[in-house]
Amino acid sequence: MKKTVFFGALAAAGLTAGIASAATLDDVKARGVLNCGVNTGLVGFAAPDANGNWSGFDVALCKAVAAAVFGDPSKVKYVPTTGQTRFTALASGEVDVLVRNTTWTFSRDTDLKMDFAGVNYYDGQGFMVHKDSGITSAKELDGASVCIQTGTTTELNLADYFKANGMSYQPIAIDSNAEGEQQYIAGACDAYTTDASGLAATRAAFADPDNHIILPEIISKEPLGPAVRHGDSQWLDIVKWTLYALIAAEEYGVTSANVEELAKGTENPEVNRLLGVEGGLGAMTGLPNDWAVHAIKAGGNYGEIFAATIGESTPIGLARGLNAQWTQGGLLYAMPFR
């Protein structure tokens, strides 16, 4: 795992990103469908059922963007991407937006020529081990074999963590979460490392989740968010403000159940601007003024989406933590609608 190899791959993908069109909205409208790059299958975030219907936390954002553009959340084509193929898919134009547990980093933002439209999940890298291993801390993993997805920030984080703690490890390279799950269950590696949310989602899909533990150490900051190509500010604005609309809707009590009633007008000017009752904000991005109404109706506000897909009442069982609203001690904070 050499940093030169990792950044070399970023640079190669970044060169392709230079061909990005500055008319993504027009392309999406002409095509009649949003091409959304997602995970190949991560329960709770993005996964298809037996009939090929996709659902999950990231999928909900894809639907919200489609609803904002078309007024119809079903107009999405989900394009499965791996840790290695996701950036090429975005840079080449195969997908219009990447919503795939992707960490916002300096090199991706600059060298890869990607624009991140915000953070939809604040995460951090962790480790999962078999309960019967007796391991209770990442500090006990010296000499362990570790399954790790290639082309991800986890590769560098893992190397940094073990070096900083004077430990050694054997990397077991995998291309997808599905492969990682298989290798880990088969005993090909002593531990599996990825974002803590991904570990929780992976464990939830096991037949015996109680026999696997996520170690307490979080070894990195992983701000995950949707990304688009450089060179199209209008499209960046649409994706960015769709995410902010979902976050703001939760803050102001706008839900999938009451959004249509509130869209008739409220005493709150911010809510009125958000829902297109006043202000004409939609026209500034080339969308109808009620674009946010459609986005919120698609799957609810941020809190509704979180609770339904990965929250504490789901098999994933994630607490809000850093992903709570700023008024509740978290980091979620929508920019003003004015």
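What you see is a predicted model; the values in this text were computed from it and never measured.
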Using side-chain heavy atoms (C-beta onward) and a distance below 4.5 Å, is [X] in contact with [Y]?
X: Thr24; Y: Val228; value: no
X: Thr266; Y: Tyr252; value: no
X: Lys29; Y: Val69; value: yes
X: Met128; Y: Ile213; value: no
X: Phe127; Y: Ile214; value: no
X: Thr150; Y: Asp175; value: yes
X: Asp195; Y: Leu224; value: yes
X: Leu332; Y: Arg320; value: yes

Exercise. Is atom CD of Glu260 surrounded by more than 12 heavy atoms (other residues, nucleotides or ligands) closer than 6.0 Å?
Worked result: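 Counting other residues, nucleotides and ligands, CD of Glu260 stays at 12 neighbours or fewer.
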Side-chain H-bond candidate by donor/acceptor type, [X] with [Y], under 3.5 Å:
X: Thr153; Y: Glu222; answer: yes
X: Thr154; Y: Thr152; answer: yes
X: Ser256; Y: Glu304; answer: yes
X: Trp104; Y: Asp109; answer: yes
X: Thr82; Y: Thr85; answer: yes
X: Ser197; Y: Asp123; answer: yes
X: Tyr78; Y: Asn53; answer: no
X: Gln125; Y: Asn157; answer: yes
X: Asp72; Y: Ser74; answer: yes

For residues [X] and [Y], establish whether the separation of their ring centroids is below 6.0 Å.
X: Tyr184; Y: His212; result: yes
X: His294; Y: Phe70; result: no
X: Tyr302; Y: Phe57; result: yes

Exercise. In the hydrophobic clustering that connects Ile, Leu, Val, Met, Phe, Trp and Tyr at side-chain heavy-atom distances below 4.5 Å, which members other than Ile218 occupy its cluster, ordered by chain and number?
Worked result: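 Reading the cluster by chain and number, Ile218 sits alone, since nothing else belongs.
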For this session: Validate the cation-pi geometry between Arg108 and Phe116: distance from NZ or CZ to the six-membered ring centre under 6.0 Å, angle to the ring axis within 45°.
Result: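 No, cation not above the ring by the 6.0 Å, 45° rule.
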From [X] [atom1] over to [Y] [atom2], what is the distance, rounded to the nearest 0.5 angstrom?
X: Thr193; Y: Glu217; atom1: OG1; atom2: CD; result: 11.0 Å
X: Leu34; Y: Cys62; atom1: CG; atom2: SG; result: 6.5 Å
X: Asp96; Y: Asn35; atom1: CG; atom2: CG; result: 5.0 Å
X: Glu278; Y: Asn272; atom1: CD; atom2: CG; result: 4.5 Å
X: Cys147; Y: Glu181; atom1: SG; atom2: CD; result: 11.0 Å
X: His130; Y: Asn211; atom1: NE2; atom2: CG; result: 9.5 Å

Test your reading of the model: is there a side-chain donor-acceptor pair from [X] to the backbone of [Y], 3.5 Å cut-off?
X: Thr103; Y: Thr105; answer: no
X: Thr242; Y: Val65; answer: no
X: Asp232; Y: Trp235; answer: yes
X: Arg229; Y: Met114; answer: no
X: Ser145; Y: Asp190; answer: yes
X: Asn301; Y: Val254; answer: yes
X: Gln325; Y: Ile247; answer: yes
X: Asn323; Y: Tyr122; answer: yes
X: Asp142; Y: Met167; answer: no
X: Arg86; Y: Gly83; answer: yes

Minimum heavy-atom distance between [X] and [Y], given as atom pair plus value:
X: Ala263; Y: Leu275; result: N-CD1, 3.8 Å
X: Gly118; Y: Pro226; result: O-CD, 3.7 Å
X: Ala200; Y: Leu318; result: CB-CD2, 3.8 Å
X: Gly41; Y: Asn177; result: O-ND2, 4.0 Å
X: Gly126; Y: Leu199; result: C-CD1, 3.4 Å
X: Leu25; Y: Gly286; result: CD2-O, 4.0 Å

For this session: Output, in order, the C-alpha distance, side-chain angles, deciding distance and verdict of side-chain contact (heavy atoms from CB on, under 4.5 Å) for Thr40 and Thr81.
Result: CA-CA 6 Å; Thr40 52; Thr81 63; 5.8 Å; no
Count I, L, V, M, F, W, Y as connected when their side-chain heavy atoms are under 4.5 Å apart, and connections chain through other members. Are [X] and [Y] then in the same cluster?
X: Trp241; Y: Ile305; result: yes
X: Phe87; Y: Ile174; result: no
X: Tyr192; Y: Val43; result: no
X: Phe306; Y: Leu322; result: yes
X: Leu42; Y: Phe206; result: no

Exercise. Partners of Glu261 by salt bridge (Lys or Arg N to Asp or Glu O under 4.0 Å), sequence neighbours excluded?
Worked result: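 For Glu261 the salt bridge (Lys or Arg N to Asp or Glu O under 4.0 Å) partners, ignoring immediate neighbours, are Lys264.
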Problem set entry | Member of Ile148, Val129, Ile172 meeting the side-chain contact (heavy atoms from CB on, under 4.5 Å) criterion with Cys189 |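 Going through the options one by one, the only one that passes is Ile172.
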Problem set entry | side-chain contact (heavy atoms from CB on, under 4.5 Å) evaluation trace for Leu61 with Asp58 | CA-CA 5 Å; Leu61 183 53; Asp58 287 340; 5.8 Å; no
